[in-house]
There are 2 protein chains.
Amino acid sequence: MVARMHRSPCPRKGRTGRPRSVETDRAILDATRAALVDVGWGKLTMSEVAVRAGVAKTTLYRRWANKNELVVDAVAVLFDELELPDRGGLQADIEGVVLQFGALLARPETKTALMAVVAESTTDDALRERIRSAIVDRQKRLVLLGRERAQQRGELPPDTPGPEGALAASQAVGLIFDVIAGAIVHRTLVSAEPVDAAWAHQFSTLLLTGLGGLG
Amino acid sequence: MVARMHRSPCPRKGRTGRPRSVETDRAILDATRAALVDVGWGKLTMSEVAVRAGVAKTTLYRRWANKNELVVDAVAVLFDELELPDRGGLQADIEGVVLQFGALLARPETKTALMAVVAESTTDDALRERIRSAIVDRQKRLVLLGRERAQQRGELPPDTPGPEGALAASQAVGLIFDVIAGAIVHRTLVSAEPVDAAWAHQFSTLLLTGLGGLG
DNA sequence: CGAGTTACGCTACGACCCGTAGCGAAAGAG
DNA sequence: CTCTTTCGCTACGGGTCGTAGCGTAACTCG
């Protein structure tokens, strides 16, 4: 069992032969997203992606070992556009990032692919790690940034100094991340209702004031 | 295009011939869950389920049109065990249901199947409706019940009378449901960390007091 | 420029799964 | 007993999988 040679992001530096075409890379990932929109995850096939991208099926397998990894990479780039503009207050910042993430999840290619690869990752540790580094970490930094800003504004208490304070802060960030991302995903995919401004406001109010504040 | 004949839950009353074996039904659903644990969603095949259940493949297709619908039914029964014991206070009630739902999602057959069928439901409206009636509604009633109890205890403000109050209450229940279920799902499947008593307590504290209460 | 190395397209392949059809036998309803 | 439906079995065409082999294209290095 030799380690795999392929894997798109790392064409292995110091090569000497013909380099891989980045244009081909892009064409494949674009075709993957387009196919996801049209046929969904279950009926997506490597053959169809190859045809849509105008590429030989063997070229696909030289870069990605299977459908899961290909789709993770195809969807991961969509998460690069997430940002946290400073809107001047914690609640406004939360609503902003909620709306951004909601809009991202509303796109059919994201919606249909994200849960599918997450489901596969429950029986594939390598895939889970790939998802974590390619997707999850890109979101988590937004929580960290928003929390720091709120602490500087005095809207949230500062971290307790020392190692136990750092642990508590880390746990808090993990909790907040799961709550925000989880709620948006659940509303979009399970409840199948939109993440609009009204919902974002209601949700951020719940986060800031607790259940009693909902009226 | 004649309407399908199969579909397990409705063998169509008033029949005259040989009835379907409920024992066969149970064997198939059991085999489906067992196979999910072993091979996961992606590599689960109808053929393997048939072999495990000791049943002909054609018998499977007489009852379920495809893998998605079979798995939904196989997993749905697991949600019947969810309850909301009265622990005397809102926070304790929340922690109880969070731990129950967390334990349910920790089971590998639930974990690997739930997200997969949700992903498929994004391109299959019939499947989404099946999931809603078979799984989602079973959880939502817990939120309704817990909210009523808390209002009777005076822990939450009562509903505003009139139609606009009912609308607000309905929205609040939907929001709370998405937040609780979403957070648990996200922590279990994406963050891949356990839903234990400590987390349940931290989470319920966040829900009751807001972000500032986390310390 | 030439030699070496790698990527690419193409074809073909065995293996597997899909979903259906057709048959005879089994099991209940009336 | 008769009618009806289920069930197991076999067989089938169609599709996808992932790989191998080959000739060619593209780039690097000496």
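In what follows, chains carry the letters A, B, and so on, assigned in the order in which the sequence lines appear, proteins first and then strands, with residues in each chain numbered from 1. Side chains are part of it too, since the values below use all heavy atoms of this structure and drop only hydrogens, waters and symmetry mates.
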**Prompt:** Taking the side chain of B/Ser47 as heavy atoms from C-beta outward, which of D/dT16, C/dC18, D/dC7 is closest to it?
**Reply:** C/dC18
**Message:** Less than 4.0 angstrom between a side-chain N/O of A/Arg20 and OP1 or OP2 of D/dA26, yes or no?
**Reply:** no
**Item:** d(OH, A/Tyr61; P, C/dA7) in whole Å
**Value:** 18 Å
**Asked** Choosing from C/dG4, C/dG9, D/dT6, which nucleotide comes nearest the side chain of A/Thr59?
**Response** C/dG9
**Asked** To the nearest Å, how far apart are B/Trp64 CH2 and D/dT6 P?
**Response** 13 Å
**Request:** Please report, rounded to the nearest Å, how far the C1' atom of D/dC9 is from the CG atom of B/Leu60.
**Result:** 14 Å
**Asked** For the residue pair A/Phe177 and B/His186, does the interplanar ring angle fall in the parallel (under 30°), tilted (30 to 60°) or perpendicular (over 60°) class?
**Response** perpendicular
**Request:** Determine whether any donor atom in the side chain of A/Arg62 lies under 3.5 Å from an acceptor atom in the base of D/dG18, or the reverse, and answer yes or no.
**Result:** no
**Message:** Any side-chain to backbone donor/acceptor pair from B/Arg107 onto B/Leu104? Under 3.5 Å, distance only.
**Reply:** no
**Request:** With the side chain counted from C-beta on, respond yes when A/Val51 and A/Glu48 share a heavy-atom pair under 4.5 Å apart, and no when they do not.
**Result:** no
**Fill in**
Of the candidates D/dG8, D/dC7, C/dG9, the side chain of B/Ala56 sits closest to D/dG8
**Fill in**
On a heavy-atom basis, the closest approach of A/Phe79 and A/Leu114 is CZ-CD2, 4.0 Å
**Minimum-distance nucleotide to B/Thr16 side chain [options: C/dC18, C/dC8, D/dT5]** = D/dT5
**Request:** Name the residue closer to the 5' end of DNA chain D, choosing between B/Ser21 and B/Gly17 according to the nucleotide with the nearest heavy atom.
**Result:** B/Gly17
**Prompt:** Is the backbone N or O of A/Arg87 less than 3.5 Å from a side-chain atom of A/Asp93, with the two atoms forming a donor-acceptor pair by type?
**Reply:** yes
**Request:** Measure the angle between the two terminal helix axes of the helix from C/dC1-D/dG30 to C/dG30-D/dC1, five base pairs each, and quote it to 10°.
**Result:** 30°
**Request:** Could you check which of D/dC7, D/dG8, C/dG9 has an atom nearest any side-chain atom of A/Thr58?
**Result:** C/dG9
**Request:** Using whole Å, report how far NZ of A/Lys57 lies from C1' of D/dT16.
**Result:** 7 Å
**Message:** Between the side chains of B/Arg132 and B/Glu129, is the shortest nitrogen-to-carboxylate-oxygen separation below 4.0 Å, so that they form an ion pair?
**Reply:** yes
**Message:** Just the rounded figure in Å: distance from C1' of C/dC17 to NZ of A/Lys67.
**Reply:** 13 Å
**Prompt:** What residue pairs, at least two apart or across chains, pass salt bridge (charged side-chain N to carboxylate O under 4.0 Å, His left out) with a residue in residues 117-126 of chain B?
**Reply:** B/Asp125-B/Arg128
**Prompt:** Does CD in B/Glu83 sit with more than 12 non-hydrogen atoms of other residues, nucleotides or ligands closer than 6.0 Å?
**Reply:** no
**Prompt:** Once you round it to whole Å, what is the distance between P of D/dT16 and CG of A/Leu70?
**Reply:** 16 Å
**Request:** For A/Thr24 and for B/Leu44, find the nucleotide of DNA chain C with the closest heavy atom, then tell me which residue's nucleotide is more 5'.
**Result:** A/Thr24
**Length of the CD1-C1' vector between A/Ile28 and C/dC8, whole Å** = 11 Å
**Asked** What is the distance, rounded to the nearest whole Å, between atom CZ of B/Arg18 and atom C1' of C/dA25?
**Response** 9 Å
**Message:** Side chain of B/Thr45 only, heavy atoms from C-beta on: which candidate in C/dG9, C/dC18, D/dC7 is closest?
**Reply:** C/dC18
